[in-house]
2 protein chains.
Amino acid sequence: MARKHAADISLRLDNQLCFAVYSTAHAFNRVYKPLLDRLGLTYPQYLVMLVLWERDGVPVKGIGERLFLDSGTLTPLLKRLEAAELIQRTRSTEDERQVLIALTPKGEALREKARAVPQAILAASACSVGELVAMKNEIVALRDKLNGVLGE
Amino acid sequence: MARKHAADISLRLDNQLCFAVYSTAHAFNRVYKPLLDRLGLTYPQYLVMLVLWERDGVPVKGIGERLFLDSGTLTPLLKRLEAAELIQRTRSTEDERQVLIALTPKGEALREKARAVPQAILAASACSVGELVAMKNEIVALRDKLNGVLGE
DNA sequence: CACAATTAGATTGCGCACAATTTAATTTAT
DNA sequence: ATAAATTAAATTGTGCGCAATCTAATTGTG
């Protein structure tokens with residue numbers, strides 16, 4: 001009886017943190033959507049652009065390591081960004097296995113428009129910068145612990 | 001110059017919290033995967049089962065409100081759970097627009113197997129229960145603020 | 001040098017997630 | 001009581017996210 005009840009609480013508690021993260025990710029996505037629509041980007045596409053705005057000419061693998069995504073996700077996404085003329089995909093001559101991703105002028109220019117996004121998100125979060133940074137650090141620490149478990 | 005630099009920091013900062021949440025959700029998913037494979041469930045299916053284990057005979061809408069999901073996501077997911085004989089979908093006689101979701105004996109029984117999941121997750125998180133609860137509360141508060149913005 | 005192992009990316013298939021639309025049932029306002 | 005508005009699910013189409021598999025290039029080893 002007590003055992004069963006305890007197990008139920010445990011099932012719920014477990015649910016809470018992961019579900020909290022999962023549902024917050026979706027909530028974020030919904031807030032981002034109208035902002036990113038103006039840029040013609042999805043959220044994962046926006047992430048790729050952020051990586052490229054920081055450093056250009058990166059191989060697919062490099063982007064994947066930053067974003068925790070593999071080629072199964074990135075290849076079609078990058079093809080869409082290429083079709084939108086925001087990036088260019090070129091085989092590396094140095095190592096022909098690699099495909100290097102470079103920004104086009106259009107992709108570079110989009111950065112200016114993107115500057116409006118963070119401000120809107122900050123406002124929507126209704127938190128101070130300090131709070132957001134603190135929360136970010138906690139969540140990243142949790143993420144790294146979880147990813148650590150996966151590497152055994 | 002200073003303006004451009006500040007904007008870059010801002011772009012990065014924005015990236016951080018949302019990306020932290022986004023990437024942590026995926027990290028969680030990867031940790032859950034082998035555990036849920038044993039139950040024959042995906043993570044969203046597991047969430048639906050958690051809702052049903054708490055309360056049975058709920059309409060699709062009710063599940064959607066708990067999980068922030070709509071019928072576009074739930075209808076096919078529930079059909080898969082029905083095909084797996086974990087749930088039963090029946091039109092409500094009271095209100096024929098609604099489809100009520102009830103656990104089958106098999107779905108009810110799966111709850112016992114599911115009890116192993118939370119413990120494994122707790123261990124993988126390498127955090128104390130207190131830390132997890134605190135983080136959960138912060139994240140839920142953020143989620144609710146974000147969702148609040150969406151309702152204007 | 002040759003051959004096995006590794007690596008980068010592409011491809012296929014499945015299951016979300018969500019916008020937009022459709023259908024049918026119920027509620028409300030007239 | 002009937003028409004209009006609302007509501008619940010289902011459906012369609014697009015884009016991730018990831019496992020599994022495949023191809024081609026590179027690296028490591030004997």
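Just so it is clear: chains get the letters A, B, ... in the order the sequence lines come, proteins before strands, and each one is counted from 1.
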Is the shortest side-chain N/O distance from [X] to OP1 or OP2 of [N] below 4.0 Å?
X     : N      : answer
A/Q45 : D/dC16 : yes
A/K79 : C/dT11 : yes
B/R80 : C/dC14 : no

- Do A/Y43 and B/Y22 have ring centroids that are under 6.0 Å from one another?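 B/Y22 vs A/Y43: aromatic centres under 6.0 Å.
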Please report, rounded to the nearest Å, how far the [atom2] atom of [N] is from the [atom1] atom of [X].
X      : N      : atom1 : atom2 : answer
A/L36  : D/dG15 : CG    : P     : 15 Å
B/Q98  : C/dT27 : CD    : C1'   : 13 Å
A/I63  : C/dA10 : CD1   : P     : 11 Å
B/R91  : D/dT7  : CZ    : C1'   : 12 Å
B/L74  : C/dA17 : CG    : C1'   : 10 Å
B/L100 : D/dA9  : CG    : P     : 8 Å
A/L81  : D/dC16 : CG    : C1'   : 12 Å
B/Y32  : C/dG15 : OH    : P     : 21 Å

- Message: Could you work out, with salt bridge (Lys or Arg N to Asp or Glu O under 4.0 Å) as the rule, every residue matching B/E131, not counting sequence neighbours?
- Response: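 Result, salt bridge (Lys or Arg N to Asp or Glu O under 4.0 Å) vs B/E131: none returned.
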- Task: Give, for atom CG of A/D70 and atom CD1 of A/I63, the distance between the pair rounded to the nearest 0.5 Å.
- Result: 13.0 Å
- Tell me, for nucleotides 18-29 of chain D in 5' to 3' order, what letter each nucleotide earns: B for a base near a protein heavy atom under 4.0 Å, S for only sugar-phosphate near one, - for neither? B------BS---
- Hey, is the main chain of A/L86 close enough, under 3.5 Å, to the side chain of A/T104 for a donor-acceptor pair? yes
- D/dG30 pairs with, by Watson-Crick or G-U criteria that keep both distances under 3.5 Å: C/dC1
- Side chain of A/Y22 - closest among C/dG9, C/dA17, D/dT11: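 Of the options given, the side chain of A/Y22 lies nearest C/dA17.
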- Task: Determine, stepwise, if the pair B/I101 / B/Q88 fulfils side chain to side chain contact (heavy atoms under 4.5 Å, CB included).
- Result: CA-CA 6 Å; B/I101 309 301; B/Q88 206 176 0; over 6 Å; no
- Hey, quick one: are B/V48 and B/L36 part of the same hydrophobic cluster, counting side-chain heavy atoms closer than 4.5 Å, chains of contacts allowed? yes
- Query: Given the rule that I, L, V, M, F, W and Y join up when any side-chain heavy atoms are under 4.5 Å apart, are B/V140 and B/L132 in one cluster?
  - Reply: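 The answer is no; the residues belong to distinct hydrophobic clusters.
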- May I ask you to say what B/P59 touches in the nucleic acid, namely base, sugar-phosphate or nothing, with a heavy-atom cut-off under 4.0 Å?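 Sugar-phosphate, backbone atoms only, no base.
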- At under 4.0 Å between heavy atoms, what does B/L77 touch on the DNA or RNA strands: base, sugar-phosphate, or nothing? sugar-phosphate
